[in-house]
Amino acid sequence: MIRMTEPSKITGVPDHQPAAGGIAARARASVGPKYLSGLNPEQREAVETLDGPVLVLAGAGTGKTRVLTTRIAHILSQGRARPAEILSVTFTNKAAREMKHRLGQMLGHAVEGMPWLGTFHSIGGRILRVHAELAQLKSNFTVLDVDDQVRLLKQLLQAENIDDKRWPARMLAGLIDGWKNRGLMPSQVPSGEAAMFANGKGGKLYTSYQERLKILNAADFGDLLLENIRIFREHPDILRQYQQRFKFILVDEYQDTNVAQYLWLRLLSQAPASPSFASPRLRGEADTRSVAGEGDSPSTELVEAAPHPSPLPVKDGEREKNHVKNICCVGDDDQSIYGWRGAEVDNILRFEHDFPGAKVIRLERNYRSTGHILAAASHLIAHNEGRLGKTLRTEDQDGEKVTVTGSWDSEEEARGIGEEIEQLQRQGEKLNEIAILVRASYQMREFEDRFVTLGLPYRVIGGPRFYERAEIRDALAYLRVINSPADDLAFERIVNTPKRGLGDATVQMLHDHARKRRIPLFEAARAVIETDELKPKARGSLRDLITQFDRWRAQREVTAHTDLAQIVLDESGYTEMWQKDRSADAAGRLENLKELVRSMEEFENLQGFLEHISLVMDREGGAEEDAVSLMTLHSAKGLEFDNVFLPGWEEGLFPSQRTLDEQGRAGLEEERRLGHVGLTRARRRAMIYFATNRRIHGTWSTTIPSRFLDELPAANVEITESKGGSAWGGTGGFGASRFDDMEAFGSSYSTPGWQRAQANRNRGSGGRSGGVEEEAGSFSSSSSPDFGSFSSRRRGPLTIEGELVAKSTGTTSEFALGDRVFHQKFGYGRVSKIDGNKLTIAFDKAGEKKVVDSFVQRA
DNA sequence: TCCAACCCAGTTTTT
DNA sequence: CTGGGTTGGA
């Protein structure tokens with residue numbers, strides 16, 4: 001059972017990978033350990049070069065994860081280090097899990113867990129908990145999510161009397177996050193930048209934000225690394241301890257590291273400096289002085305500590321090779337797509353400079369895509385200037401050319417792709433092997449509507465992650481308040497959720513009280529209910545809430561933490577709140593809550609659960625069923641599919657105008673890398689689309705094809721007509737030939753959705769220029785008057801339509817007019833019209849929609 | 001305190 | 001055109 005979200009698909013390590021080429025390699029392979037067999041010479045070199053800094057430039061589909069895991073296995077089997085002496089960092093939990101999984105397979109569970117294999121943040125958090133007191137925290141500190149962060153900043157803005165309309169808390173959160181990404185503590189923020197926010201108050205706000213965090217015993221994501229860096233710099237003995245512990249360091253996705261992560265790695269990667277041995281000054285150390293002397297004049301600090309665009313270069317001769325630990329960074333500069341989030345492509349581009357004597361190994365053999373796809377992707381990315389340069393090659397066949405298809409508008413684009421997917425499905429392709437990769441998430445809607453109409457199963461990848469969902473955060477907030485009564489942010493979050501009549505006024509009052517007496521909100525509440533400052537109603541419900549919390553805390557001693565969570569959710573009325581909710585996603589939310597409680601079992605106790613949850617939780621595994629995947633190009637990184645659709649290649653959308661405006665040439669290059677990532681997701685077929693007209697913010701505008709289309713090599717690309725026949729073996733072009741195809745397929749494949757698609761297709765690309773007026777996701781076309789002009793010309797569709805009519809007059813639908821139904825996407829509604837298996841439903845929330853009956857169930 | 005009518009702004013996302 | 005957030009009335 002392999003599903004798209006399964007770890008095994010994250011990076012392609014195909015079974016069909018040829019044996020290592022080259023006589024020497026083959027000879028070695030025959031004598032080497034078993035895990036080395038099957039590696040190609042470059043991969044093998046990357047695995048076996050254990051000493052000194054190594055940069056593995058691993059192009060898409062070249063077996064990057066395989067190299068990383070095999071390298072760890074090699075280190076262990078060579079006895080060079082014990083599991084606990086290897087630091088191995090990834091960006092995502094998914095990647096970390098995947099590595100653990102593969103290591104387990106490779107080593108046959110011989111090695112008990114790798115304690116230091118994890119994400120930057122989880123490892124940083126772990127280290128910070130050990131030395132929490134050095135960051136004025138307790139070891140059980142809370143990791144704040146974005147919501148908490150923003151709420152806290154809002155309060156600070158209010159306290160400063162800053163108009164949070166003009167200076168939104170979210171913006172400040174972004175700024176602070178950016179500073180932290182760059183490794184800047186409040187005192188190190190360049191004054192110009194600090195002044196940008198709220199007329200010069202930005203820096204001060206950052207400072208007071210940090211102070212508040214300490215009081216709340218909380219850290220945000222940025223702190224997990226930044227506080228590590230601070231501790232390492234201020235306490236060389238502690239740093240040395242970690243330097244000695246980690247004999248080997250491995251880094252995944254190095255191209256995505258930001259400055260803070262870079263500094264963190266740099267500090268850890270230095271050979272432990274023995275007191276008797278004067279170690280050369282490294283980049284990381286140079287900064288130490290400025291931070292250590294925080295009271296010093298700000299000017300020195302600014303000069304030294306504002307590493308932008310990248311920290312100070314290491315001067316030649318500053319370091320000898322044997323002072324750098326065995327660090328191996330794996331990455332692909334051509335897949336760096338997170339610059340806007342603080343990632344510094346520079347880190348990977350400057351690796352050799354930062355780590356003199358570094359061995360650079362290129363993995364260029366691609367085991368994923370066909371020749372045409374690879375050529376197209378390589379050509380495209382070759383237009384970038386800021387890159388180290390790799391040329392992907394494959395021993396696979398050329399395969400099918402990459403197709404480029406123009407459509408009149410985005411709706412036709414969605415129709416065309418929907419149709420093509422059904423075509424592929426007919427050819428026996430699994431929907432799981434089909435993906436649509438969009439630049440911006442708003443493009444998804446059109447496809448969703450289309451797929452709902454067609455009854456085509458699809459799944460959206462990405463979107464809000466599990467622990468980011470409101471219901472999960474609410475539930476966690478309850479548990480946080482139980483765990484630590486001083487967690488004001490959590491208390492504030494749930495004090496009136498579900499509604500208890502404790503609104504802004506009450507909360508404000510509690511705040512005043514708490515601030516005056518310097519006590520947590522919860523304690524303030526306890527005090528306030530003894531007074532008559534609140535109206536009886538509010539006072540009563542606040543008292544009830546506090547009594548409940550006291551009871552839950554008492555229960556904590558005698559109840560398993562999972563049971564406690566269930567009790568809290570039920571008794572607080574939180575479960576009930578969603579049970580009463582009639583909106584479409586209420587059921588899903590209740591399901592998520594169950595999942596949350598279930599997931600708690602993996603942890604020892606409530607404390608342990610809360611400490612890890614914010615770092616480790618991610619979205620649920622998703623259904624196993626066969627479905628088309630719909631996601632952004634960004635979330636597609638690391639995945640692969642046989643068939644990949646790339647819609648929306650238009651100037652302004654892709655490359656995104658905003659990125660171009662804000663980042664200029666660097667932005668363009670990042671967009672191009674995004675295109676490269678998109679293309680290289682495809683194993684066998686890559687299909688690019690562009691539309692001439694697209695609705696942006698509600699208004700239609702004409703667009704021009706993306707410049708990236710011109711950058712594709714003509715030899716590997718085929719321009720098809722608005723619904724190309726040739727892509728799947730037809731004669732191409734429209735008119736009679738395509739029509740024949742339809743007739744041929746009509747007999748064996750005749751879902752109503754498919755038939756509608758045929759009708760729509762003809763309407764959209766043939767007769768009229770638009771389709772603009774058609775309501776998205778509706779069935780209007782199949783019964784609209786102009787269908788006549790279509791059917792009068794040809795017999796085929798008429799027959800199909802005949803069947804459809806015959807079907808609709810029968811009593812095939814299990815639904816009756818006025819039935820209450822539930823739809824996965826639109827929620828509850830009432831059937832207002834029935835036409836065969838097509839239902840018109842007036843949804844409570846989503847309005848009137850037409851859907852296939854198999855998509856709804858009786859409510 | 002709560003809900004409904006307005007108004008405005010509008011990529012990409014992990015931890 | 002949508003959704004989020006704010007404002008105004010009950």
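Only heavy atoms go into these numbers, but all of them, side chains included; no hydrogens, no water, no symmetry mates. Chain letters run A, B, ... following the sequence lines, proteins first and then strands; every chain starts at 1.
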Are any of A:S441's side-chain N or O atoms less than 4.0 Å away from OP1 or OP2 of B:dT12? yes
With [X], which residues qualify under ring-ring contact (aromatic ring centres under 6.0 Å, His included), at least two apart?
| X | answer |
| --- | --- |
| A:F141 | none |
| A:F654 | A:W649, A:F708 |
| A:H121 | A:F221 |
| A:F197 | A:W167 |

Query - Cationic tip of A:R341 above A:Y338 ring, under 6.0 Å, 45° of axis - result: yes
Provide, to the nearest angstrom, the distance between the [atom1] atom belonging to [X] and the [atom2] atom belonging to [N].
| X | N | atom1 | atom2 | result |
| --- | --- | --- | --- | --- |
| A:K180 | B:dT14 | NZ | C1' | 16 Å |
| A:L144 | B:dT14 | CG | P | 19 Å |
| A:R658 | B:dT12 | CZ | P | 9 Å |
| A:F466 | B:dT14 | CZ | P | 15 Å |
| A:K94 | B:dT14 | NZ | P | 9 Å |
| A:E670 | B:dT13 | CD | P | 12 Å |
| A:Y467 | B:dT14 | OH | C1' | 7 Å |
| A:R341 | B:dT12 | CZ | P | 13 Å |

Students often get this wrong, so: under 4.0 angstrom with heavy atoms, is [X] touching a base, only sugar-phosphate, or nothing?
| X | result |
| --- | --- |
| A:E468 | base |
| A:S656 | base |
| A:E671 | base |
| A:T699 | nothing |
| A:A538 | nothing |
| A:F120 | nothing |

Kindly give the atom pairs (protein nitrogen or oxygen, nucleotide nitrogen or oxygen) under 3.5 Å for nucleotides 2-5 of chain B.
residue : atom : partner : partner atom : Å
B:dC2   : OP1  : A:G501  : N            : 3.3
B:dC2   : OP2  : A:N496  : ND2          : 3.2

Handout entry: Donor on one side chain, acceptor on other, A:N693 and A:W700, under 3.5 Å
Key = no
inquiry  = Could you check whether A:D332 and A:Y254, counting side-chain N and O atoms only, form a donor-acceptor pair closer than 3.5 Å?
reply    = no
A:D334 meets the salt bridge (charged side-chain N to carboxylate O under 4.0 Å, His left out) criterion, sequence neighbours left out, with A:R387, A:K390
Closest of B:dG10, B:dT15, B:dT13 to the A:H634 side chain is B:dT13
Closest to the side chain of A:R439, out of B:dT12, B:dG10, B:dT15, is B:dT12
For A:K165, the side chain to side chain donor-acceptor pair (under 3.5 Å) test, sequence neighbours excluded, returns none
With sequence neighbours left out, the residues meeting side chain to side chain donor-acceptor pair (under 3.5 Å) with A:D544 are none
Q.
Using the six-membered base ring of B:dT12, report whether A:W340 stacks on it, requiring centroids under 5.5 Å and planes under 30° apart.
A. yes
Is A:H697 stacked on the base of B:dA9, with ring centres under 5.5 Å apart and planes under 30° apart? no
On DNA chain B, more 5' by nearest nucleotide between A:V507 and A:S614 is A:V507
Outermost contacting nts on DNA chain C, any atom under 4.0 Å from chain A heavy atoms, listed 5' then 3', are C:dC1 to C:dT6
